[in-house]
Amino acid sequence: MAGDTGVDIGIPSAAPDLTERYHAWVAFLMYEKHFSRHTLRAYTKDVLYFLEFLTSHLGKPPSLNDLGDTSLRDFRSWLSQRVAAGASNATRARQLSSIRSFLKWLDKNGHLHNTAIGGVRTPKLPRKLPRALPVEQAKTLTLNLAGIAHQDTWVAYRDRALFILLYGCGLRIDEALQLNYGNRPHNGEVRVIGKGSKERLVPVMDIVQKMLDEYIVQSPFPFDKETPLFLGSRGGRLNQGVAQRQLRILRGQLGLPESLTPHALRHSFATHILVNGGNLRIIQELLGHASVSTTQRYTDFDNAQLIEIYNRTHPRAKSE
């Protein structure tokens, strides 16, 4: 079963009363919380897996009462099963967060109250941040029209335009791929719809605009107002997985590190602005973060990066 976003929200392994509440929760995430397709897919998938576990664990599809009576021991059994299946700490933490969200909504709306979930510990996560590209490597990627093997030239123009947009404007990959020709970067700015359907206006550098224009000229497909800005090989909206694959190919051709991902380009955008004296509040607005504390984590460095930046930029760090 697919929602209005095109995301397959699935059919839960549950009794009719719980199934009805599951679909109401999904509608809440879609229409009130305005979850992105990626987040909605993750939340629903996690809850569906948990309900399948309960079905096997109880020997029947769970009802609202069964879910309300789920014990701490039951939750721990589910976590143990996830460990046995090879799920990482990060995956289990995300899945637990999805289940908590569902139970919290059910509780808030008077459908059930589960006390045991409060006693379930979230798996510890290592603090892991994407590595920012050195400025020269960012230039190599975004200014080099390296041909992608066995593909048309226009694809290379498209990829270069997409990657310089991510780096030059700090967009999330999903934000960039959801742009249409009618709301493309224009007159030095682009209006972006971010998480929670929040809009923000991001300035666009001339070089970004130039490369987008070059890609549009090279594209074999016509554009109108509703045409996706970034097109796949058949003229439809470019798939996120394809864009990620293209970046893997390109970084191999250019000898760039494996840590280079679309998200690392966004991180590099924030990092390079911060290193050059950018205000944290401005970066927060550009990235579309609701809290400046998120920006502080996002633009963090490890000690090696700090020392490298210090030695390269501080006058007193250089031998006299």
Side-chain angles (χ1 to χ4, degrees), residues 1-57 61-64 66-68 70 74-79 81-83 85-114 116-125 128 172-175 177-178 193-198 239-241 244 262-263 288-291 294 297-298:
M1 178 178 179
D4 291 351
T5 60
V7 175
D8 185 357
I9 61 175
I11 300 175
S13 178
D17 60 344
L18 183 51
T19 296
E20 182 181 355
R21 299 278 65 82
Y22 167 81
H23 288 298
W25 172 67
V26 172
F28 165 75
L29 299 182
M30 290 171 60
Y31 303 119
E32 295 189 41
K33 298 293 287 184
H34 301 291
F35 273 19
S36 69
R37 292 176 302 159
H38 175 75
T39 305
L40 182 64
R41 185 184 301 112
Y43 270 56
T44 54
K45 183 179 179 181
D46 293 341
V47 170
L48 289 173
Y49 278 157
F50 180 66
L51 294 178
E52 287 178 6
F53 163 79
L54 282 183
T55 297
S56 175
H57 190 65
S63 64
L64 279 171
D66 292 327
L67 187 56
T70 301
D74 295 331
F75 285 116
R76 286 174 174 167
S77 294
W78 166 73
L79 284 171
Q81 185 192 73
R82 300 310 302 145
V83 171
S88 66
N89 281 14
T91 297
R92 285 181 282 122
R94 189 206 70 216
Q95 292 171 337
L96 185 57
S97 175
S98 300
I99 294 165
R100 281 182 171 139
S101 171
F102 185 39
L103 290 173
K104 182 179 179 180
W105 180 86
L106 289 168
D107 193 347
K108 184 178 180 180
N109 287 275
H111 301 304
L112 61 80
H113 178 67
N114 183 289
I117 189 67
V120 183
R121 291 184 179 180
T122 301
K124 290 185 178 181
L125 300 177
K128 188 177 180 181
R172 300 177 178 93
I173 181 67
D174 189 58
E175 293 171 345
L177 296 182
Q178 287 306 305
I193 308 297
K195 289 185 176 181
S197 294
K198 293 179 180 177
N239 180 273
Q240 183 170 323
Q244 292 168 334
H263 191 62
H289 287 160
S291 169
T294 305
R297 292 195 302 269
Y298 199 91

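The analysis underlying the following values was restricted to heavy atoms, covering all of them including side chains, and did not include hydrogens, waters or symmetry mates. Remember, it's a predicted structure, so these values are computed and weren't measured experimentally.
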Minimum heavy-atom separation for [X] and [Y], please, with both atom names.
{"X": "Pro61", "Y": "Thr55", "result": "CA-OG1, 3.6 Å"}
{"X": "Gly194", "Y": "Arg172", "result": "CA-NH1, 4.3 Å"}
{"X": "Trp78", "Y": "Arg92", "result": "CH2-O, 4.5 Å"}
{"X": "Gln240", "Y": "Leu177", "result": "CA-CD1, 3.5 Å"}
{"X": "Ser13", "Y": "Pro62", "result": "O-CD, 3.3 Å"}
{"X": "Leu48", "Y": "Pro12", "result": "CD2-CA, 3.5 Å"}

Please check: side-chain N/O of [X] versus main-chain N/O of [Y], any donor-acceptor pairing under 3.5 Å?
{"X": "Asn114", "Y": "Leu67", "result": "yes"}
{"X": "Ser98", "Y": "Arg94", "result": "yes"}
{"X": "Asn239", "Y": "Gly241", "result": "yes"}

With rounding to the nearest 0.5 angstrom, report the [atom1] to [atom2] distance, [X] to [Y].
{"X": "Lys33", "Y": "Trp105", "atom1": "NZ", "atom2": "CH2", "result": "13.5 Å"}
{"X": "Trp25", "Y": "Glu20", "atom1": "CH2", "atom2": "CD", "result": "16.0 Å"}
{"X": "Leu106", "Y": "Leu112", "atom1": "CG", "atom2": "CG", "result": "4.5 Å"}
{"X": "Ser56", "Y": "Gln81", "atom1": "OG", "atom2": "CD", "result": "7.0 Å"}
{"X": "Leu29", "Y": "Leu40", "atom1": "CG", "atom2": "CG", "result": "6.0 Å"}
{"X": "Asp46", "Y": "Arg82", "atom1": "CG", "atom2": "CZ", "result": "8.5 Å"}

Validation row: [X], [Y] side chains within 4.5 angstrom (heavy atoms):
{"X": "Thr70", "Y": "Ile117", "answer": "no"}
{"X": "Phe50", "Y": "Phe75", "answer": "yes"}
{"X": "Asp174", "Y": "Arg37", "answer": "yes"}
{"X": "Arg100", "Y": "Val120", "answer": "yes"}

Report the residue from Thr19, Leu18, Val26 that forms a side chain to side chain contact (heavy atoms under 4.5 Å, CB included) with Tyr22.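 For Tyr22, the side chain to side chain contact (heavy atoms under 4.5 Å, CB included) check succeeds only for Val26.
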Contacts of Arg21 that satisfy salt bridge (Lys or Arg N to Asp or Glu O under 4.0 Å) - sequence neighbours left out: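 In terms of salt bridge (Lys or Arg N to Asp or Glu O under 4.0 Å), with neighbours along the sequence ignored, Arg21 is linked to no residue.
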Step by step, work out the side chain to side chain donor-acceptor pair (under 3.5 Å) result for Asp66 and Ser63. CA-CA 5 Å; Asp66 292 327; Ser63 64; 3.2 Å; yes
For atom OH of Tyr49, is the number of surrounding heavy atoms from other residues, nucleotides or ligands below 6.0 Å larger than 12?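 Atom OH in Tyr49 is not packed in, count stays at 12 or less.
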With a 6.0 Å cut-off on the ring centroids, do Phe28 and Phe102 count as close?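 No, the ring of Phe28 stays outside the 6.0 Å limit from the ring of Phe102, centre to centre.
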